[in-house]
Number of protein chains: 4
Amino acid sequence: MSALRSDAARSRARILDAARTLDRATLRLNDVAREAGVGVGTVYRHFPTVHALVEALSADTLDTMLATSRRAAADPDPGDGLALYLRSALTLQLEDGGLQAVLLSPDDEAESVRTAKREIFESFTSVLESARAAGIVRPDLTVDHLAHLVCGIEHAVRLGTPDDFPLLLQVMLDGLRPPASR
Amino acid sequence: MSALRSDAARSRARILDAARTLDRATLRLNDVAREAGVGVGTVYRHFPTVHALVEALSADTLDTMLATSRRAAADPDPGDGLALYLRSALTLQLEDGGLQAVLLSPDDEAESVRTAKREIFESFTSVLESARAAGIVRPDLTVDHLAHLVCGIEHAVRLGTPDDFPLLLQVMLDGLRPPASR
Amino acid sequence: MSALRSDAARSRARILDAARTLDRATLRLNDVAREAGVGVGTVYRHFPTVHALVEALSADTLDTMLATSRRAAADPDPGDGLALYLRSALTLQLEDGGLQAVLLSPDDEAESVRTAKREIFESFTSVLESARAAGIVRPDLTVDHLAHLVCGIEHAVRLGTPDDFPLLLQVMLDGLRPPASR
Amino acid sequence: MSALRSDAARSRARILDAARTLDRATLRLNDVAREAGVGVGTVYRHFPTVHALVEALSADTLDTMLATSRRAAADPDPGDGLALYLRSALTLQLEDGGLQAVLLSPDDEAESVRTAKREIFESFTSVLESARAAGIVRPDLTVDHLAHLVCGIEHAVRLGTPDDFPLLLQVMLDGLRPPASR
DNA sequence: TATGAATGAGGTTTCATTCAT
DNA sequence: GATGAATGAAACCTCATTCAT
């Protein structure tokens, strides 16, 4: 991305700050503009679609997820690696209400997002393969299954309270084990 | 519900049929009217809100769920009862895209829906209590946890394909067992 | 009007009773039907238009007005006759919120209304002519002027409280005198 | 009111012009939009309610009324002042079919309208008090009585033809004199 | 580049009237 | 004759997006 003029950069920052104060599920660019004290046109210039804004809002979280996925893939203990990955993915998705949409979207606005997502999924694949090789997860589980499960558990936690997080996470983790291990 | 005049019943049926052909998540009463070949006013007379229509669309499924919940509560084997309940709940929610919304809504349009939901939850509670007493589920699980988990797994299945259903259901079922049982 | 079947007569009465409980200015035949516990179609059968209903509601008042106008025309004292007529017209119009519309409408639904209105206006004309001949009203005043003035004063009283009635009536009466009489 | 952008000012003017061609009593913002060749949303942006538009349509007339009321209050002759005020109020109300609604509404949209109305009524009060002190009006007349009478005479004139104006005005003016003055 | 007014399709809702029952 | 569901035009209003300023 080319360097922004300083006023453009300031607008962009104000827009992102404002958007963070609003409900991600019902984001409307008009509201963002009003909240940011900026014209609607300015919001559209920086973010042509709602999804582009959602991606931008999740940029930091995505970076964190990427870093964590690398650490998970590097963990010598496959079980620890998988647990680390799943726990942190769920935590991040719960913290960042737009992350699920970014991860699931087949169309990315920003190239950086596409790259990060690809590497995250690659790391995740390697984590899962290690775990499967170690016999600590069901052999029929795919990366997509796991990703969808995380989204499902996120959904379940959102239906209740944040306090439900540890329990529901644990249910998922326990459920992943191969039948033989019981 | 009092008996409908035959013409009213015909309209109601056409509206429900038309609504079934449309995406439950983005139902618009205008579209329903056009699709049903009926005046907008007629749709609004029968279903004052989108939610009222969604409820009506799920009436049969809700009845099925009620019947199953009774059978589950009556099952002498707590494990079978719980599995029956969870499997069928998930199946029905997957078949009926509006059921989750009906079950989760705190405000019911139709009295019959309120009644059915209450009895379903009561049966469910009794099923869970039996299972807990038999030591075959985590003791810290509440009915709400389970209901939310079913919704979460529904969400996960929808993100993938219907083929994922057995696996993801099994992951949930396995995850519900108490830690001690491993 | 031909004799009504007893049930039709009952419906008619219920409709008129119900209509009397509603605001004459915003009469809606649907509301009347609901209030009367009768189908909309029944209301339409009896009263094809809102105006037809308004006329029917004012039938008694119109009769009273007719009787008074005859007495006014028969009064040997032109001043008393005129005052009687104007005071009672205003009183009746204030009591019966639909009377002004009936009196002003160029199109009458019921023949009886047309007849009554014509005779009222004739009596009124004769009252005014006597008064003019006696030199107690401005010579340039027509019957229409007077009728409109009564409607205007009715409007003025309605903008305030019923207590304003005597004063505003008196203002009108005083204003009618010929300039010479001061 | 802050300065409008030139395009906004143009729209506003077109809307007001269009509205002037329509019947003030049955104004519908949709019709105004069509007539003005402007989107409905634009009309709603400028005038959130029909009343707001009616107020705006009467802005100039209200200014004129305010100016006249000041002159009336400043007139050394109480009779001339009162006559000036009443004649001009009636003239303006007859010319501007929405003025009566604006004057009578307890809820003003625009602050400027509220202010103008208050000052008009204050001037009017002072005019009436002078007249009363001079013994040239009935002592029991209040400002509200007079305002309502003007509305009533307006109504009466509208029921006939504009030619009735001088006569009906004169009737009102004569009627205001104290009984003693005859 | 930033602005925010304008757009106008399309949602919801209401209602006078009709007409099948 | 009575009923009230159906009609569908049309009102109100919102909103994502465009584009003149």
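Proteins get letters first, then strands, A, B, ... in listed order; numbering begins at 1 in each. Note that the structure is a prediction, hence the values are computed from the model and not measured.
- With DNA chain F read from its 5' end, the first of the two nearest nucleotides for C/Gly39 and B/Gly39 is the one closest to C/Gly39.
- With rounding to whole Å, A/Leu53 atom CG is found 12 Å from F/dT17 atom P.
- Rounded to whole Å, atom P of E/dA20 lies 10 Å from atom CG of B/Asp7.
- Across all strands shown, F/dT21 forms a Watson-Crick or G-U wobble pair with E/dA2, both key distances being under 3.5 Å.
- Panel note: side chain A/Ser105, backbone A/Asp108; no donor-acceptor pair is recorded below 3.5 Å.
- Whole-Å rounding puts the D/Arg12 CZ to E/dA6 C1' distance at 16 Å.
- The distance between atom CG of D/Asn30 and atom P of E/dA9, rounded to the nearest whole Å, is 12 Å.
- Nearest-nucleotide mapping onto DNA chain E: of D/Gly41 and B/Thr49, the residue sitting toward the 5' end is D/Gly41.
- Between B/Ser11 and F/dA6 there is a side-chain N or O to OP1 or OP2 distance below 4.0 Å.
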Inset, instruction - Begin from the C-alpha positions of D/Glu95 and D/Thr61 and carry the test side chain to side chain donor-acceptor pair (under 3.5 Å) through to its verdict. - result: CA-CA 9 Å; D/Glu95 283 171 5; D/Thr61 317; over 6 Å; no
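- At least one side-chain nitrogen or oxygen of B/Arg10 sits closer than 4.0 Å to the OP1 or OP2 atom of E/dT21.
- Using a 4.0 Å heavy-atom criterion, one finds that B/Thr42 contacts the bases of the nucleic acid, with or without backbone contacts as well.
- Nearer to the 5' terminus of DNA chain F, by closest-nucleotide assignment, is the contact made by B/Val40 (compared with the other of B/Val40 and A/Val40).
- Judged by Watson-Crick or G-U wobble contacts below 3.5 Å, the nucleotide F/dA16 has E/dT7 as its partner.
- C/Ile15 places its CD1 atom 12 Å from the C1' atom of F/dT3, with the value rounded to the nearest Å.
- Between D/Ser6 and F/dA20 there is no side-chain N or O to OP1 or OP2 distance below 4.0 Å.
- Between D/Gln100 and C/His155, some side-chain heavy-atom pair lies under the 4.5 Å cut-off.
- The CG atom of D/Asp31 sits 8 Å away from the P atom of F/dC12 (whole-angstrom rounding).
- Atom OH in D/Tyr44 sits about 14 Å away from atom C1' in E/dG10, given to the nearest Å.
- Of the inter-residue distances, the one linking B/Leu16 atom CG with B/Leu53 atom CG reads 6.5 Å to the nearest 0.5 angstrom.
- Taking atom CZ on D/Arg45 and atom P on E/dG8, their separation rounds to 15 Å, with Å as the unit.
- At the phosphate of F/dA6, OP1 or OP2 sits under 4.0 Å from a side-chain N or O atom of B/His46.
- Mapped onto DNA chain E by nearest heavy atom, B/Leu29 and C/Arg28 fall at different nucleotides, with B/Leu29 at the one closer to the 5' end.
- C/Leu57 is not listed as a side-chain neighbour of C/Phe47, based on a closest heavy-atom distance of 4.5 Å or more.
- Among the atoms of the strands shown, none is found under 4.0 Å from any heavy atom of C/Val50.
- At a threshold of 4.0 angstrom between heavy atoms, the contacts of A/Pro48 with the nucleic acid are absent.
- Atom CD of B/Glu154 sits about 10.5 Å away from atom CG of B/Leu92, to the nearest 0.5 Å.
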